[in-house]
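So the structure is just underneath, and the comments pick up after that.
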Amino acid sequence: PAARHDHLLAERLLSKAPQLAVMPGGRRKWPGGHSSNWRLHWSDHSWFKVEQEGDGLTDAMMEEWGAWMDSQFERRFGSDNWPPLTASTLNFSRNELGDEGVRCVVDYLQRREIGVQMVKFFKNSIGDGGAWAIGQMLAHAREPVHEVHLSHNRITEQGACSIFESIARCRRYPYPLERSGRRDSQGLTPIWLRMEYNCIQWSAIERRLDQRQVRWCSAESRDGWAPKENSPMVCMHSSYKNQKVDVAGVTAGVGQAGAQKGPAATGAPLDAAEDEAEADVGPDEVPMYVFLDASAVRRFAAEKGSAKERLFTFQGLLNLCSQGHMKCTPPDEATVQKWVGPVEERDRIIFVVTDTVLDELAHVADVSAGERRLIEWLRNSPESYLQLCHQWGILEVLETQLHTQLIKLAGWEQRAQELRISRWALHNLDFACLWESQIDSEGRVCFVTADEALCTFAAEASASVDGVRCVSAVHVHVLDEAFRTDQKHGGLKLYEAAQKSKANKYCGVMLSAQIMQRLIIEPSRPAAGDAGAGPREPATEDDFRVALAEALGLLGDIRPFVEGAEHVYSNVCERQTHFTYLLHPVTDLPQFAQADRNTMELINMRCFYMAQYEMVRIRAGFEPVSFPRNETLAELLNGTSPLCRPSGGARAPM
């Protein structure tokens, strides 16, 4: 009963409060709503995006869209001499569009020769006619399309075949990828296609696709395709076989799909009582939410105007956004670097500040005169970090007025008081845990604090609350250190880039949810055997004595090695670090060679190492770089010389 009460209360919190309305992809928007007018956002001189998700658009309304777009282009460029235009994103998802609405969009794009990188039409009423139009766009667009999202529609096998066969016939896919992302050995990558929850019986057309030589695969993410060396034409999301209905019998006539000159009729209407839980929110459609408590906000904002050798400050994050080194949604007037490309929900990191945090900051301002000006600026100024980060799409402020009692952390008030955790911080952590419970994908929510006690509290609660998926709590210092010390995933590059207000070139990586997942979320998860282990007992004085004795014993064991290494370093290397050595094949003694490439002297074993390198090159089939090719030497190295062959029963000379 208690669990049922928690579920109902959570449902009430997240459904009835306008401020907490669940938006597409798990997003929560800044309070204030949005208009249903046509919208176009310029990201560069000739690059733009269209975001019309959830605007209640119908086919009849789309007849006006093309004329409105023309008016926007004429206002920007005049009536003649438009430059080549490219839409980074066209998002018409969660509307009431059918085949005619899709045809209006495709016809306009083809008439104006507008390139498109990402097209989103998921959760509409599109049938095979709309799918046929999409296939024509993929085949004849000015440049290859990167992504197409068509899940939760009414497309059957016939529409699926028309898309796949258009892709195969045009020979434009896989396409050359210029921005960051995975490529094969020739620099190519497949188009990303999502068509789950339609009316497609894949077993009826897979053989046909093979006959048409359509090379395709499925994967969990955009860059998860295979084989690595040779990109397929299409990569589908791995959930593609999840379809709405069993459409047995509708495959009659599929043999003629693609041979028609025009589109086919839309399929029969689906059951309106379809479970709404099956929304178009897979693991790769939900952003990562990073909840900040008041201590973290103060730490993020403390170095106003500079990043001060830290990545995770508001200024550092804004630096990355303006450089094009963070996945975000820039404001209209911002210049977007071309390497950024389309940004999906799965890529984004959204920092969350609740009104509870703002209340605690107001309390801090009342009792701390030294921080009063900064906090008032942060809470009230239109130029504050909160406002600027929101404009770049990396921060949202949430109202939690209905969250009046603890839900996930009920019963932990006493422990919070023992650790001197404020009631605001406790409610904020509880709300983050509640938020985590409403997202199906694991590891998409974390909690950042600058309070050690709160980290301890969160770890204890996470270990002992049975059946509850508690949020990962991370100290802000650990957050910075994880990136500063990482050289495998690009964390250090981002850490260094955040210190600069501008960047002349791409550093090779962008701050995204995927990097946060690898560096922060995965290391913070408990091992499989630790789940449900219960709270740890506090360490006793005897525990400290045992640990100290073990440390002293270990120090005694390693001291001879340390002293020996220091002796060799001082007497053999003479404090020179630019050297290397090789064991002599006869004496087994080390032969040292200088490895400082700044000097031109051939000393010690430099010539020996160069000869060794050249022999490896020749053996591998490459030409030497330090001397002309010598056929005798090549034959000896490859074992084809007469000196390498035995004769008359005697051993070979070499």
Side-chain angles (χ1 to χ4, degrees), residues 171 174-178 180-190 210 213 215-217 219 223-233 235 486-490 492-493 508-509 558 560-654:
R171 300 184 181 276
Y175 62 90
L177 183 63
E178 297 179 358
S180 60
R182 185 176 164 201
R183 312 170 179 84
D184 67 6
S185 57
Q186 297 180 336
L188 304 177
T189 196
D210 291 340
Q213 297 183 337
R215 293 184 291 107
W216 65 291
C217 70
D223 294 330
W225 49 268
K228 297 180 180 179
E229 299 78 15
N230 187 20
S231 168
M233 298 174 181
C235 181
D486 172 70
Q487 298 187 13
K488 181 178 180 182
H489 304 293
L492 178 59
K493 293 180 180 178
V509 65
I558 67 173
F561 294 99
V562 174
E563 293 175 348
E566 289 180 345
H567 178 75
V568 172
Y569 187 78
S570 176
N571 294 283
V572 178
C573 308
E574 296 180 348
R575 300 290 175 183
Q576 295 296 319
T577 58
H578 299 294
F579 76 97
T580 185
Y581 74 94
L582 184 74
L583 294 179
H584 193 280
V586 177
T587 65
D588 204 33
L589 295 175
Q591 303 293 309
F592 288 85
Q594 188 167 331
D596 184 0
R597 53 185 169 182
N598 294 324
T599 178
M600 298 302 293
E601 296 176 0
L602 293 175
I603 59 175
N604 299 339
M605 299 284 288
R606 171 74 59 89
C607 192
F608 171 80
Y609 280 103
M610 183 56 73
Q612 193 176 52
Y613 168 73
E614 294 290 11
M615 286 190 289
V616 172
R617 284 183 59 87
I618 295 171
R619 185 71 177 85
F622 296 98
E623 296 295 322
V625 296
S626 303
F627 52 85
R629 179 176 177 83
N630 184 292
E631 293 298 329
T632 301
L633 178 60
E635 290 175 356
L636 289 171
L637 290 172
N638 292 315
T640 59
S641 170
L643 296 175
C644 300
R645 303 191 187 109
S647 65
R651 294 180 58 186
M654 299 191 68

Taking side-chain contact (heavy atoms from CB on, under 4.5 Å) as the test, write out the residues that go with I618, two or more places apart. P624, F627, L633, A634, L637
With sequence neighbours excluded, tell me which residues meet salt bridge (Lys or Arg N to Asp or Glu O under 4.0 Å) with R629. E623, E631
List the residues meeting side-chain contact (heavy atoms from CB on, under 4.5 Å) with D184, not counting sequence neighbours, and say none if there are none. Q186, L188, W225, N230, S231
Quick one: does R215's side chain get under 4.5 Å of P174's, heavy atoms only? yes
Got a sec, which residues hit ring-ring contact (aromatic ring centres under 6.0 Å, His included) with W216, two or more places apart in sequence or on another chain? F164, W202, Y240
List in chain and number order the residues that pass side-chain contact (heavy atoms from CB on, under 4.5 Å) with S185, two or more places apart in sequence or in another chain; answer none if no residue qualifies. none
Within this structure, what is the OG1-CD distance for the pair T640 and E635, rounded to the nearest 0.5 Å? 4.5 Å
